[in-house]
Amino acid sequence: MAPRNRKWLGVAAAAVVLVLVVIGVVVFWGAEAVGADPNIPTFAVVRGPLTIGIDVSGTLKAQDMIVIKNDVEGRTTIISLVEEGKAVKKGDLLVELDSSSLQDQLVNQEIAVRSAETAYVSAQENLAVGENQAQADIDLAELTLQFANQDLEKYVAEEGEYETQLTDAKSQIAVKEEAAQQAQERYEWSSKLYEEKYISETELKADELAWRRAELDVTLAKNNLKLLQEFTYKRQLVQLESDVKQAEMALERTKRKARADVILLKAELLAAEERLERQKTLLAKIQQNIKNTKIYAPADGIVVYATSNRGGGWRGNQEPLDVGQEVYERQELIHLPTSKKVKAEVKIHESSLDKVREGLPAIITVDSVKNRTFTGRVTKIALLPDATMAWLNPDLKVYNTEVELDGNGDDLRTGMSCRARIIIEEYDDVLYVPVQAVVRKGNQPVVYVLEGREMKMRPVEIGLDNNRMVHIISGLSEGEKVVLNPPLEHTEARQQRRPDVPEEQVSPGSEQETERQSPPNLGPGGSAEPERQGQPPQIPGADGTQGRPEGFQPGQRPPRQPSSGGPSGQRQRPERGGEGTAPPARRSATGDTTTPATREGAGTQNPPRNP
């Protein structure tokens, strides 16, 4: 291609791009007045009564109910079971559990109790013998000490054993000295007689020998006295004092050993007693378990199996209670309603928790009771979210709430499915429009009002909504026509393009197309007109009973499916996810991000009011 042609093609491409940019600016930053399709659906603003409530589903249960549990330890099997729904009297047999293994345990435990009793009696006798032996040992040690003290006292006393030995030694010396004196005199006399030749020399020598022997006896007696005073006395004194000290120490050892032996025997007796008591306690527990295998009705009532009152969940066996089923300790077996008063147990999502309080009125409908409604009041709201639901879906927080029904539930049964509409506010004369007519521009709720053939955006102040109709506080007048499928694309695209708008304020509808839902009873030209002249239009949802899908918020459109997904020209509603699924987040007119599955029936709070 020639360079000149290429140049002209470049200029033409630049012109096309410039035209597209201009068109985009016009589209995204155009005036608030938008040309209207003559067949666009509209809704005339209505003034009249409006009920704001929260729709929740739940299950009926008896208000006054006795919960009968399995008190048998461990696991056991049902061998007999009363029929569900049967009227029973106080004392009637409801459930019988298998006790064969408990009977075997009972026999073994009785043997253990007898063995423990024998050991206890033996410990008692051993204690008695030990105490007696300990006292005998102490008495013997005390007697030994007493004798040692007496021996010491006898030896060192003034007229004691030592003084006696000392006197005896001195007397022996005196006697020996006297004998020696006499022997000396006899020898001297014998010497004179020998000189005179009256006696022989032999006799003289005999007298001399006797005298020498007597002198030796005196010396020996004196030595004995010295030994007694200087050695024997001191040694005997130390020995006797040591005997006293040893006897004292032996007495102390004997007493300590006696106490230790007695304490040990008492401990053995106490241990034997505790073992006996434990064995008796185990025996009583087994006997009580055997007794608990037969469960009798504590009062008159209608039998309801606990499994019938328990919804689906992750915990425990959800099979119906039946003969042959294994049950565990503290498991609920039977609920026995004792009165006809009924309550509804429902779950309130955390987004609606601030609107619900105790004492609010409620209207209850029961699936199995057609063409009849029941009234009641909220009596209890759980402080913590339901643990089972939180385990199934950590992002889902619901709170168990009880609604007591007025009067007696003669036609109602425990376990029936029901729906409750908790009335938050009731207005007698207010303006309201369908929630799908309200969108947000930035932080401001707006509607598109049809004026002639143009749609003009108008800011409004909104109040609570009932998921179908939203209360218009200011910004509209009765009879004005609002567009039911406002041009969200313009608002969303402009918010995405403007740098001064935070990202979180952009509606997610620009990223995910949603389906619009036109109200029924449309008149000619697509306007929602009254069915009869002079009567307000009968729009589903004005009384909070019918209307948009669950989880809908003002300024939010339901999911839109491509036309190729269904019959020609007919849009298909997206399938709802199963339990535990998390559908895409949607932003409501109040700026709250919710999901249809987690915000069922949630009303809308008043947004911050702009001056």
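What you find for V262 and L127 is that their closest heavy atoms are O-CD1, 3.7 Å. Residues G301 and L336 share a closest heavy-atom pair of C-CD1, 3.9 Å. Of all non-hydrogen atoms in T414 and K61, the two that sit nearest each other are CG2-CA, 4.1 Å. F374 and L405 make their closest contact through CB-CD2, 3.8 Å (heavy atoms, listed as atom of the first residue, atom of the second, distance). Looking at every heavy atom in both residues, A148 comes nearest to V244 through O-CG2, 3.2 Å. Contact between I290 and Q103 at its shortest, heavy atoms only, is CG2-NE2, 3.6 Å.
Using a cutoff of 4.0 Å between basic side-chain nitrogens and carboxylate oxygens, D217 and R213 are not scored as salt-bridged. Ionic pairing of K192 and E196 is not present here: no N-O contact between side-chain nitrogen and carboxylate oxygen is shorter than 4.0 angstrom. Between K90 and D300 there is no salt bridge, since no side-chain N of the basic residue sits under 4.0 Å from a carboxylate O of the acidic one. Electrostatic pairing of D386 and K397 does not count as a salt bridge here, judged by no charged N lying under 4.0 Å from a carboxylate O.
Side chain of N149 to backbone of L145: a donor-acceptor contact under 3.5 angstrom is found. Formation of a donor-acceptor pair under 3.5 Å by the N70 side chain with backbone atoms of Y328 is found in this model. A donor-acceptor distance shorter than 3.5 angstrom exists from the side chain of R377 to the backbone of G359, with no hydrogens or angles considered. Judged by distance alone, with hydrogens and angles left aside, the side-chain atoms of S242 form no donor-acceptor pair with the main-chain N or O of V238 at under 3.5 Å. N126 places a side-chain N or O within donor-acceptor distance of the main-chain N or O of S122, the cut-off being under 3.5 Å. A donor-acceptor pair is defined here as one N or O able to donate and one able to accept, closer than 3.5 Å; no such pair exists between the side chain of Q279 and the backbone of Q109. Between the side chain of E84 and the backbone N or O of V304 there is no donor-acceptor pair closer than 3.5 Å. The main-chain N or O of L321 is found under 3.5 Å from a side-chain atom of T307 such that the two form a donor-acceptor pair. Under a 3.5 Å cut-off, the side chain of S100 and the backbone N or O of D98 do not form any donor-acceptor pair. Under a 3.5 Å cut-off, the side chain of S171 and the backbone N or O of T167 do form a donor-acceptor pair.
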Exercise. How far apart are the C-alpha atoms of D71 and R330, what are their side-chain angles, what is the distance that settles it, and do they pass the salt bridge (charged side-chain N to carboxylate O under 4.0 Å, His left out) test?
Worked result: CA-CA 6 Å; D71 292 328; R330 309 305 300 166; 2.5 Å; yes
For this session: Take V82 and L93 through the side-chain contact (heavy atoms from CB on, under 4.5 Å) test and state the conclusion after the steps.
Result: CA-CA 7 Å; V82 68; L93 180 64; over 6 Å; no
For this session: Carefully, step by step, assess E215 and W211 under the rule side chain to side chain donor-acceptor pair (under 3.5 Å).
Result: CA-CA 6 Å; E215 286 183 344; W211 173 53; 3.1 Å; yes
For this session: For L152 and D243, run side-chain contact (heavy atoms from CB on, under 4.5 Å): C-alpha distance rounded to whole Å, both residues' side-chain angles, the deciding distance at 0.1 Å, then the answer.
Result: CA-CA 9 Å; L152 177 61; D243 291 343; over 6 Å; no
For this session: In sequence, state the C-alpha distance, the side-chain angles, and the governing distance for R75 and Q331, and then conclude on side-chain contact (heavy atoms from CB on, under 4.5 Å).
Result: CA-CA 10 Å; R75 289 181 172 270; Q331 177 179 342; 5.9 Å; no
For this session: Please report the C-alpha distance between R256 and E252 in whole Å, then the side-chain angles of each, then the deciding distance to 0.1 Å, and finally whether the salt bridge (charged side-chain N to carboxylate O under 4.0 Å, His left out) criterion is met.
Result: CA-CA 6 Å; R256 288 179 179 274; E252 182 66 21; 3.1 Å; yes
Exercise. Between I138 and E142, does a side-chain contact (heavy atoms from CB on, under 4.5 Å) hold up when you go through it step by step?
Worked result: CA-CA 6 Å; I138 292 173; E142 289 177 346; 3.7 Å; yes
Problem set entry | Worked check of side chain to side chain donor-acceptor pair (under 3.5 Å) between T375 and D406 | CA-CA 6 Å; T375 60; D406 299 331; 2.8 Å; yes
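In the displayed structure, E153 atom CD is contacted under 6.0 Å by at most 12 heavy atoms of other residues, nucleotides or ligands. By the neighbour-count criterion of 12 heavy atoms within 6.0 Å, atom CZ of R259 is densely surrounded, having more than that number from other residues, nucleotides or ligands. Summarising the local packing, CD of E83 is surrounded by 12 or fewer heavy atoms from other residues, nucleotides or ligands at distances under 6.0 Å. Around CG of L383, the count of heavy atoms belonging to other residues, nucleotides or ligands within 6.0 Å does not exceed 12.
Residues K266 and E131 are in side-chain contact: their nearest non-hydrogen atoms beyond the backbone lie under 4.5 Å apart. Taking the side chain as every heavy atom from C-beta outward, Q172 and K176 approach each other to under 4.5 Å. Annotation: side chain of K347 is not in contact with side chain of V56 (no heavy-atom distance under 4.5 Å). Residues V113 and E117 have side chains in contact (heavy-atom distance under 4.5 Å, counting atoms from C-beta outward). Here the side chains of E350 and L396 are not in contact, with every heavy-atom distance at 4.5 Å or above. You'll find the side chain of V323 stays beyond 4.5 Å of the side chain of S80, heavy atoms only. Looking only at side-chain heavy atoms (C-beta outward), Q287 and L106 come within less than 4.5 Å of each other. The side-chain heavy atoms of V156 and L240, taken from C-beta on, include no pair separated by under 4.5 Å.
Evaluated for a side-chain contact (heavy atoms from CB on, under 4.5 Å) with L97, the options N289, N292, V327 yield exactly one hit, V327.
Aromatic ring orientation, Y233 versus Y162: tilted (interplanar angle from 30° to 60°).
To the nearest 0.5 Å, atoms CG (L276) and OG1 (T281) are separated by 9.0 Å. Between the CD1 atom of I348 and the CG atom of D354 there is a distance of 11.5 Å, given to the nearest 0.5 Å. Distance check, rounded to the nearest 0.5 Å: CG of L360 to CD of E358 gives 9.5 Å. For the atom pair L204 CG and E195 CD, the distance stands at 9.0 Å (nearest 0.5 Å).
Geometric assessment of K234 against the ring of F231 yields a negative cation-pi assignment under the 6.0 Å and 45° thresholds.
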